[in-house]
> 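The structure's right below; bear with me while I get my questions together.
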Amino acid sequence: MKLFVDTGSIKDIETIAQLGILDGVTTNPSLLAKEPGDYRDNLRKICGIVKGPVSGEVTATDFAGMLREGHDIASIDPYMVVKVPLTRDGIRACKALSGEGIKVNVTLCFTAAQALLAAKAGAMFVSPFVGRLDDVATNGMELIREIVDIFDNYEFPTEVLVASCRHPIHVVEAARLGADIATCPPKVIDQLFNHPLTNIGLENFLKDWEKAHAVKA
Ligand code: E4P
């Protein structure tokens, strides 16, 4: 399963990219709005760091505006993926942009029916938001199971990009269900590394090593 980071922070992306486990980046208007500087320059820098798919989202809500912004976002760098919302105009824009060979990520997906529409419109990625579903007492991971089943039935090439991951269990469950990608905030990627027994174990190995060498010396 591929691991993307969900952030617009160049500093965080640089730090995580150094770990060698980062496959791509997702951003959204809320995340990019937090970053200083021009968002196109920032996206270009991010592409240069990650050298993998980087999603940048349109803010237009009408078909023509989405096409215009989609072309602009795609022109920033060959790694750019145009993110469109799962609306009628968004699905129409997905079909048109995908038809031109532009990579599209259909975002704000909350049902399997919506995911099916994104796949039919030729999306490269569809982004179901598991955390936001959990927030409204609906099992987000159950949606991932449904989408993976449907895409497997028809061999849709659209990749299931599990978004709005809030904790490591979301990532593990996404992998168990066979999702293609999980995108997580930097904090969740950090949490994937952590286990107290790893820390205690390492501390004890080093203590024992030092003790043995202190005796010999
Ligand atoms: C996906 O691409 C979105 O940017 C993101 O995962 C939303 O996550 P949130 O629900 O934590 O804002």
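Whatever order the structure lists ligands and atoms in, that order sets their numbers, starting from 1. Since the structure is predicted, the reported quantities are computational estimates derived from the model, not experimental observations.
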> So, taking the atom named OG1 in T15 and the one named CD1 in I189, what distance separates them when rounded to the nearest 0.5 Å?
11.0 Å

> Report the nearest protein non-hydrogen atom to atom 4 (O) of ligand 1: residue, atom name, distance rounded to 0.1 Å.
N28 ND2, 2.7 Å

> So for R166, does at least one of its heavy atoms come nearer than 4.0 angstrom to any atom of ligand 1?
yes

> Is T27 in polar range of ligand 1, meaning some N or O pair under 3.5 Å apart?
no

> Taking only heavy atoms of A163 into account, list the atoms of ligand 1 that are under 4.0 Å away from them.
1 (C), 6 (O)

> Quick one: sort the H167 and H170 rings into parallel, tilted or perpendicular, breaks at 30° and 60°.
parallel

> Short N/O distance, under 3.5 Å, between S127 and ligand 1?
no

> Relative to ligand 1, is S164 under 4.0 angstrom through side chain, backbone, both or neither, heavy atoms considered?
both

> Considering non-hydrogen atoms only, spot the tightest contact between P186 and D12 and give its length.
CG-OD2, 3.6 Å

> Of all the non-hydrogen atoms in the protein, which one sits nearest to atom 5 (C) of ligand 1, and at what distance?
D6 OD2, 2.8 Å

> Looking at T107, N105, D6, which hits side chain to side chain donor-acceptor pair (under 3.5 Å) with T26?
D6

> Check for a donor-acceptor pair, side chain of D23 on one end and backbone N or O of K2 on the other, with a separation under 3.5 Å.
no

> Which residue and non-hydrogen atom of the protein lie closest to atom 2 (O) of ligand 1, and at what distance in Å?
K83 NZ, 2.6 Å

> Show the nearest heavy-atom pair for residues D134 and G140, with the distance to one decimal.
OD1-N, 2.8 Å

> Which residue holds the protein heavy atom closest to atom 12 (O) of ligand 1, what is that atom called, and what is the gap in Å?
R132 NH2, 2.8 Å

> With rounding to the nearest 0.5 angstrom, report the OG to CZ distance, S164 to F110.
7.0 Å

> Number the atoms of ligand 1 from 1 as they appear, then name those within less than 4.0 Å of a heavy atom of T26, with their elements.
2 (O)

